[in-house]
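Comments concern the structure below.
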Amino acid sequence: ARPGGLGTARSHHQSDLNSFLWTIKRNPPSYFYGTIHVPYTRVWDFIPENSKKAFQESNMVYLELDLTDPYTISALTSCQLLPQGGTLQDVLPRDIYGRLKRHLEYVKLMMPSWMTPDQRGKGLYADYLFNAIAGNWERKRPVWVMLMVNSLTEADIKTRGVPVLDLYLAQEAERMRKRTGAVEKVEEQCHPLNGLNFSQVIFALNQTLVQQESVRAGSLQGSYTTEDLIKHYNCGDLNSIIFNHDTSQVPNFNNVTLRPSEQITAQEIDSYFRQELIYKRNDRMGNRVKALMEEHPDNSFFFAFGAGQ
């Protein structure tokens, strides 16, 4: 495979930047494309024409998960729940549970002011939106609550209702009557997150709450990781370390001022996710991609996977 996107235009032109497109040389050609889990409207205008053309010309579009399949969504929901009908109050330390509850009450209170007029015009009422994201939070495993809290920010709320890039590509592929599929099962994406040990999860949840509480207190501006991610992606920055964390929207816990013992925990979480969500997954997905292309030698595939892979 070779990287694409190097145009002949002058250096300040978008077409002269790298794109996250690789061509697999065979007849007909197939493609690998690196996506990003942000609203497609934030990146679509910066995606070079060669990538859009490759998408249009391919007759089979494969993503990591089938995001348009109701089973995928329900399997993801059930994978996030605590076993045997347990609740968070049963498993979390009392002080963390109290802080979590207070933070969610604050988010619910703020949500109407965070929403855009456009969202209100579409009838996305704040209560409905809050319940869509945080409803049933008491039944969720702490690791998923941590990820939920991480995404309950003013910037993220403002873009709710716009499909993320990978979902947008899936919807476009269906609209264009292309054959679509997925190379992963929900369980394969979900179980590694459930595999962190309890002290690691508590550490991660506490760090996330500390960060959000600082934002609320005005001592820390909102986390710019999503903004950084978008900027690097739009500039075609293939090497940015920032993409290593996009795979499952796992925050980087190593960027805060930590005590030495906490730094060790942060590094353990980081290397666990890198192993499970990048290396092992790449291996698994690579084997499936190879098998699919061998099975369908006459088809042109467009594989759209997270750029963090």
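- Ring-plane geometry between Phe302 and Tyr31 is classed as tilted, the angle between the planes lying from 30 to 60 degrees on a 0 to 90 degree scale.
- Summarising the local packing, NZ of Lys53 is surrounded by 12 or fewer heavy atoms from other residues, nucleotides or ligands at distances under 6.0 Å.
- Contact of the Arg139 side chain with the Leu88 side chain is not registered, since no non-hydrogen atoms from C-beta on lie closer than 4.5 Å.
- With Tyr125 as the aromatic partner, Arg120 does not meet the cation-pi criteria of under 6.0 angstrom to the ring centre and within 45 degrees of the ring axis.
- Using a 4.5 Å heavy-atom cutoff, the side chains of Val215 and Thr153 are not in contact.
- The aromatic rings of Tyr62 and Phe301 sit tilted relative to each other, their planes meeting at an angle between 30° and 60°.
- Of the possible polar contacts, one joining the Asn287 side chain to the Asp283 backbone as a donor-acceptor pair under 3.5 Å is found.
- Enclosure of atom CZ in Arg26 by more than 12 non-hydrogen atoms of other residues, nucleotides or ligands within 6.0 angstrom is indicated.
- Considering OG1 of Thr180 and CE of Met60, their distance stands at 9.0 Å, rounded to 0.5 Å.
- Using a 4.0 Å cut-off between charged side-chain N and carboxylate O, Glu262 and Arg259 make a salt bridge.
- Residues Glu105 and Lys101 are paired through a salt bridge, judged by an N-O separation under 4.0 Å between the basic side chain and the carboxylate.
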Problem set entry | Step-by-step side-chain contact (heavy atoms from CB on, under 4.5 Å) determination, His296 to Arg179 | CA-CA 12 Å; His296 305 277; Arg179 256 191 73 185; 4.1 Å; yes
Exercise. Does the side-chain contact (heavy atoms from CB on, under 4.5 Å) test come out yes or no for Leu82 and Asp90, once each step is laid out?
Worked result: CA-CA 10 Å; Leu82 283 161; Asp90 304 332; over 6 Å; no
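- Relative ring orientation between Phe303 and Phe32 is described as tilted, the plane-to-plane angle lying within the 30° to 60° band.
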For this session: Take Met146 and Leu196 through the test side-chain contact (heavy atoms from CB on, under 4.5 Å) and record every step on the way to the result.
Result: CA-CA 12 Å; Met146 178 272 290; Leu196 280 181; 5.8 Å; no
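- Rounding to the nearest 0.5 angstrom, the gap separating the CG atom in Asn50 from the CZ atom in Phe55 is 14.0 Å.
- The closest side-chain heavy-atom distance from His103 to Arg216 is below 4.5 Å.
- Proximity of Leu152 to Leu104: side-chain heavy atoms (C-beta onward) are separated by under 4.5 Å at one or more points.
- Checked against the 6.0 Å centroid criterion, the rings of Tyr33 and Trp22 do not qualify as a close aromatic pair.
- For the atom pair Arg42 CZ and Ile36 CD1, the distance stands at 9.5 Å (nearest 0.5 Å).
- Summarising the geometry, atom CG belonging to Leu147 is positioned 10.0 Å from atom CG belonging to Leu205; distances are rounded to the nearest 0.5 Å.
- Between Asp66 and Ala182, the shortest heavy-atom distance links the atoms N-CB, 3.4 Å.
- Residue-environment remark: CZ (Arg141) exceeds the threshold of 12 foreign heavy atoms within 6.0 Å.
- Between Lys122 and Asp118, at least one side-chain nitrogen of the basic residue sits less than 4.0 Å from a carboxylate oxygen of the acidic one, meeting the salt-bridge criterion.
- Put simply, CD on Glu187 and OG on Ser78 are 8.0 Å apart, with the number rounded to the nearest 0.5 Å.
- Considering only heavy atoms from C-beta on, Cys79 comes within 4.5 Å of Asn194 through its side chain.
- Shown here is Tyr128, whose OH atom has no more than 12 heavy atoms of other residues, nucleotides or ligands within 6.0 Å.
- Judged purely by distance below 3.5 Å, without hydrogens or angles, the side chains of Gln89 and Glu138 never pair a donor atom with an acceptor atom.
- The number of heavy-atom neighbours closer than 6.0 Å to NZ of Lys178, taken from other residues, nucleotides and ligands shown, is above 12.
- Between the side chains of Gln171 and Tyr40, no donor-acceptor pair is found at a separation under 3.5 Å.
- The existence of a salt bridge linking Arg175 and Glu172 is confirmed by a sub-4.0 Å separation between a basic side-chain nitrogen and an acidic carboxylate oxygen.
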Exercise. Run the side-chain contact (heavy atoms from CB on, under 4.5 Å) check on Thr116 and Gln119 step by step: do they pass?
Worked result: CA-CA 5 Å; Thr116 64; Gln119 285 172 321; 3.2 Å; yes
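- Each of Glu184, Glu276, Glu188 was scored for a salt bridge (Lys or Arg N to Asp or Glu O under 4.0 Å) with Arg281, with one residue passing: Glu184.
- Of the possible polar contacts, none joining the Gln80 side chain to the Thr77 backbone as a donor-acceptor pair under 3.5 Å is found.
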Problem set entry | side-chain hydrogen bond (donor to acceptor under 3.5 Å, both in side chains) between Asn206 and Thr208, intermediate numbers included | CA-CA 5 Å; Asn206 178 55; Thr208 304; over 6 Å; no
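- Atom-to-atom distance recorded for Trp144:CH2 and Lys140:NZ is 8.5 Å, nearest 0.5 angstrom.
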